[in-house]
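Shown next, in structure tokens, is the structure this report addresses.
Reckoned from all heavy atoms, side chains included, excluding hydrogens, waters and symmetry mates.
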Amino acid sequence: MSEEVPVLQIGQVLLVSIQTDLDDQAVMGLQDDLSARVVETGAHGVVIDITAVEIVDSFVGRMLATIAAISRLLDARTVVVGMRPAVAITLVELGLSLGGVKTALTLDKGLRMLEQANARMQGGLEGVAPDAAADA
């Protein structure tokens with residue numbers, strides 16, 4: 001039986017904490033649940049905490065990249081936090097670059113990274129002369 005992965009909301013960020021190995025069904029459920037929650041909440045960021053993950057394979061690497069791509073299409077950035085050195089080494093050895101996925105060593109750093117990115121986006125064209133904004 002597949003275990004559901006909880007998705008918690010912290011402000012405008014959704015936190016996914018992966019505590020166990022995920023089978024195909026759990027990953028599909030997580031992708032569906034997370035994408036629905038991004039839309040429902042209008043979240044601007046997703047943090048995937050893999051602190052408890054000790055071993056990865058190409059499936060897990062593709063899962064992280066796919067979740068990040070889905071979130072990006074729904075206007076939310078993804079940060080993976082808590083990656084162990086052995087996990088990073090394995091991902092590199094498997095040739096998985098996790099394109100579009102930012103990483104941070106801790107949850108705190110990941111949340112700050114998303115908040116800074118959101119602040120930059122909110123700043124957008126503010127403070128730009130009206131003529132320059134019209135040209136943008």
Side-chain angles (χ1 to χ4, degrees):
M1 181 173 193
S2 179
E3 186 176 322
E4 186 174 316
V5 178
V7 178
L8 307 173
Q9 185 173 354
I10 302 171
Q12 289 297 304
V13 174
L14 297 177
L15 172 62
V16 178
S17 182
I18 299 175
Q19 298 295 315
T20 62
D21 291 334
L22 301 178
D23 60 25
D24 292 359
Q25 185 177 358
V27 169
M28 297 305 292
L30 175 59
Q31 289 174 356
D32 291 344
D33 185 37
L34 186 57
S35 59
R37 292 286 305 276
V38 167
V39 171
E40 286 171 15
T41 63
H44 67 75
V46 173
V47 174
I48 303 173
D49 183 357
I50 61 170
T51 304
V53 175
E54 295 183 23
I55 300 172
V56 295
D57 57 14
S58 60
F59 175 73
V60 172
R62 284 191 313 273
M63 179 241 347
L64 293 172
T66 299
I67 288 174
I70 291 168
S71 297
R72 190 170 45 253
L73 288 171
L74 296 173
D75 199 27
R77 288 177 176 73
T78 300
V79 177
V80 174
V81 301
M83 189 176 301
R84 296 171 184 243
V87 170
I89 290 167
T90 302
L91 289 172
V92 169
E93 288 174 347
L94 291 172
L96 299 170
S97 64
L98 301 183
V101 179
K102 301 288 186 190
T103 60
L105 291 178
T106 66
L107 177 58
D108 184 52
K109 287 181 179 181
L111 290 171
R112 278 188 280 150
M113 184 184 292
L114 286 172
E115 289 305 319
Q116 290 169 353
N118 189 49
R120 283 192 302 274
M121 291 302 295
Q122 295 297 321
L125 296 177
E126 291 178 23
V128 176
D131 292 337
D135 293 338

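Considering CD1 of Ile70 and CG of Leu73, their distance stands at 8.0 Å, rounded to 0.5 Å. Distance check: Thr51 OG1 to Met83 CE gives 10.5 Å after rounding to the nearest 0.5 Å. To the nearest 0.5 Å, atoms OG1 (Thr66) and CE (Met28) are separated by 9.0 Å. Here CD1 of Ile89 is found 12.0 Å from CG of Leu94. Values are rounded to the nearest 0.5 Å. Between the CG atom in Leu64 and the CG atom in Leu91 there is a gap of 7.5 Å [rounded to 0.5 Å]. One finds the NZ atom of Lys109 at 12.0 Å from the CG atom of Leu107 (value rounded to the nearest 0.5 Å).
Taking each heavy atom of Ala43 and Ala76 in turn, the nearest pair found is O-CB, 3.6 Å. Annotation for Ile18 and Thr20: closest pair CG2-O, 3.4 Å, computed over non-hydrogen atoms. Taking every heavy atom of both residues into account, Ser58 and Leu96 meet most closely at CA-CD1, 3.7 Å. Of all the heavy atoms in Thr41 and Gln12, the pair that sits closest is O-OE1, 3.8 Å. In plain terms, the two heavy atoms of Ala104 and Met113 that are nearest each other are CB-CE, 4.1 Å. Scanning both residues, Val46 and Ser71, for their nearest heavy atoms gives CG2-OG, 3.7 Å.
Following chains of ILVMFWY side-chain contacts shorter than 4.5 Å, one cannot reach Leu15 starting from Val80, and the two form parts of different hydrophobic clusters. Residue Val101 is grouped with residue Phe59 when hydrophobic side chains (ILVMFWY) are merged at heavy-atom distances under 4.5 angstrom, including chains of intermediate members. The hydrophobic clustering, which links ILVMFWY residues whose side-chain heavy atoms are closer than 4.5 Å, places Val39 and Leu14 together.
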Test side chain to side chain contact (heavy atoms under 4.5 Å, CB included) applied to Gln31 and Ile67, step by step:
CA-CA 6 Å; Gln31 289 174 356; Ile67 288 174; 3.8 Å; yes
Take Asp33 and Arg37 through the salt bridge (Lys or Arg N to Asp or Glu O under 4.0 Å) test and state the conclusion after the steps.
CA-CA 6 Å; Asp33 185 37; Arg37 292 286 305 276; 5.1 Å; no
Side chain to side chain contact (heavy atoms under 4.5 Å, CB included) assessment of His44 paired with Val13
CA-CA 6 Å; His44 67 75; Val13 174; 4.0 Å; yes
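Surrounding CG of Asp75 are at most 12 heavy atoms belonging to other residues, nucleotides or ligands under 6.0 Å away. Within a 6.0 Å radius of CG in Leu8, other residues, nucleotides and ligands contribute more than 12 heavy atoms.
Between the side chain of Asp57 and the main chain of Val60, a donor-acceptor pair closer than 3.5 Å is present.
Side-chain atoms of Val16 and Val5, non-hydrogen and from C-beta on, do get closer than 4.5 Å to each other. Between Leu30 and Val7, some side-chain heavy-atom pair lies under the 4.5 Å cut-off. You'll find the side chain of Val87 stays beyond 4.5 Å of the side chain of Glu54, heavy atoms only. Residues Thr106 and Val81 are not in side-chain contact: their nearest non-hydrogen atoms beyond the backbone lie 4.5 Å or more apart. Residues Val79 and Ile48 fail the side-chain proximity criterion, which asks for heavy atoms closer than 4.5 Å.
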